Amino acid sequence: MSGPIGWLASGGGPLHGEVLVPGDKSVSHRAIMLAALADGVSRVEGFLEGEDTRATAAAFAGMGVRIDTPSPSQRIVHGVGMNGLSAPRKAIDCGNAGTGMRLLAGLLAGQRFDSVLVGDESLSRRPMRRIIEPLARMGAEIRAEAGDLPPLRIRGGRHLRGMLHTPAIASAQVKSAILLAGLQAEGVTEVREAHPTRDYTERMLQAFGWPIEFGPGWARLAGGHRLAATDIVVPADFSSAAFFLVAASIVPGSDLVLRSVGINPRRTGLLSVLRLMGADIVEAGRRGQGDDAVADLRVRHAVLRGIDVPEALVADMIDEFPILFVAAAAARGTTRIAGASELRVKESDRITAMAQGLQALGIGVAETPDGAVIEGGALAAGRIESAGDHRIAMSFAVAGQIAAGPVRIGDCANVATSFPGFAELARSCGMNVRDTDLA
Ligand code: S3P
């Protein structure tokens, strides 16, 4: 890990100007994976040069895929075809990335060779049974610690069969692992979801020429086709833009434009929720393909009010809850979050991490098993731990902008997993986030 050990966030001025946040993490992972298995050379523009996505690129380099880096946000991937990967010589390190590990498990389950997937301390605590069980029903053989935790030991040379899967939880990672295993399975693989999740795997398979049918909450493909190299332009990550959407909403006098942000509806639940709370966010210059467009988002300060967050929007904003907690703390009145128990198995237990952090800043928060009740109020100075979670660290950097005194945030190096350069970019538009060596 690189980057500062801690941050000091306090009383920022209004946010102004234009900001371009880094490329989308979900899209960057998938672009490398499919380009590696395609026939021919693919160019990826706007790649997220974060630790998570670099780990995925390194995984394929370790399986014999040449990946050139002409600049930090570009990758040129020399695809080896569906059966062209070579056996990795050592365990594949997915770092902090649940997406990397779960999607790779699906892809590697049908390869000829054995492989082992390992992760960092946080990833080593995250549940994998959700992919192991359905993949096993397709014929895969994957062993995990206590049947659930990394490392994952994947046996090669298995014959996979397509199947219909209806996941019990809303998870794009589970859906994607099944679909990617389905590429190498005999027959049809179909996933039907109770709550639609992000559809980047489906869209990208289509872009690489794999026959696939899909719509909100369902996807169907057959094994045995090939992927044709293509060029991918990665949009700016809505989940990274989210920190600035909330910061500009809560700091008086702010007027900020976020450029070229991906606005796939399966990602932008926070936009709807912030608008319900009274936020002033205007979309302009929508461009790109259908639902998967990008747009510029102009956000101006507004007085937010607490709401009951509609449960139907939870899956569409699953990564945005840490920063929503901050918006709720800054709002007038009470905000209730429910139906979000998945937050307990992210990079940290995000319900507990946010509740404890906000309590340390004087905000009333009551945890529930699947959410929280947050009383808006005045934020005080205080000391926070990020729980080794990038989104917790960035959320409290935003909270610090309206706190009565300095907010000290420990353990911020993990921000490099998804948003290298966050603190510099935040400073460039008026936020006050300084690196400190606080341990
Ligand atoms: C992701 C899916 C979500 C999300 C994660 C990225 C993806 O995870 O939280 O950051 O790229 O498919 P779950 O599938 O566990 O909900």
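Note that this is a predicted model, so its numbers are computed, not measured. Counting starts at 1 for both ligands and their atoms, following the listed order.
S28 and T53 share no side-chain donor-acceptor pair at under 3.5 Å. When only modelled atom types and interatomic distance are considered, H78 and D68 share a side-chain donor-acceptor pair under 3.5 Å.
Remark: ligand 1 and A172 share an N or O pair separated by less than 3.5 Å (distance only, no angle test). Inclusion of E342 in the set of residues having an N or O under 3.5 Å from an N or O of ligand 1 is not warranted. Ligand 1 has no nitrogen or oxygen under 3.5 angstrom from a nitrogen or oxygen of R126. Of the N or O atoms in S176, none lie within a sub-3.5 Å distance of an N or O in ligand 1. Backbone and side-chain nitrogen or oxygen atoms of R391 are examined, and none is located within less than 3.5 angstrom of a nitrogen or oxygen of ligand 1.
For ligand 1, the atoms closer than 4.0 angstrom to any heavy atom of D319 are 4 (C), 5 (C), 9 (O), 10 (O). Residue contact check: S171 has heavy atoms under 4.0 Å from atoms 13 (P), 14 (O), 15 (O), 16 (O) of ligand 1. Atoms of ligand 1 lying under 4.0 Å from at least one heavy atom of I318, given by number and element, are 9 (O).
One finds a salt bridge joining R267 and D237 here, because a Lys/Arg side-chain nitrogen approaches an Asp/Glu carboxylate oxygen to under 4.0 Å. In this structure, R336 pairs ionically with D308, as a charged nitrogen and a carboxylate oxygen lie closer than 4.0 Å.
The shortest contact between atom 6 (C) of ligand 1 and any protein heavy atom is with T99 OG1, 3.3 Å. Among all non-hydrogen protein atoms, the one lying nearest atom 12 (O) of ligand 1 is R30 NH2, 2.7 Å. For atom 13 (P) of ligand 1, the closest non-hydrogen atom on the protein side is K346 NZ, 3.4 Å.
Atom 1 (C) of ligand 1 has its nearest heavy-atom neighbour, among R102, E320, H29, Q173, in Q173.
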> Where do R75 and F47 land on the side chain to side chain contact (heavy atoms under 4.5 Å, CB included) test, with the steps shown first?
Replying inline: CA-CA 7 Å; R75 293 292 185 277; F47 180 75; 3.4 Å; yes
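Between F422 and F244, the ring-plane angle classifies as tilted under the 30° and 60° cut-offs.
The backbone N or O of I392 sits nowhere less than 3.5 Å from a side-chain atom of S386 that would complete a donor-acceptor pair. Between the side chain of D370 and the main chain of G339, a donor-acceptor pair closer than 3.5 Å is present.
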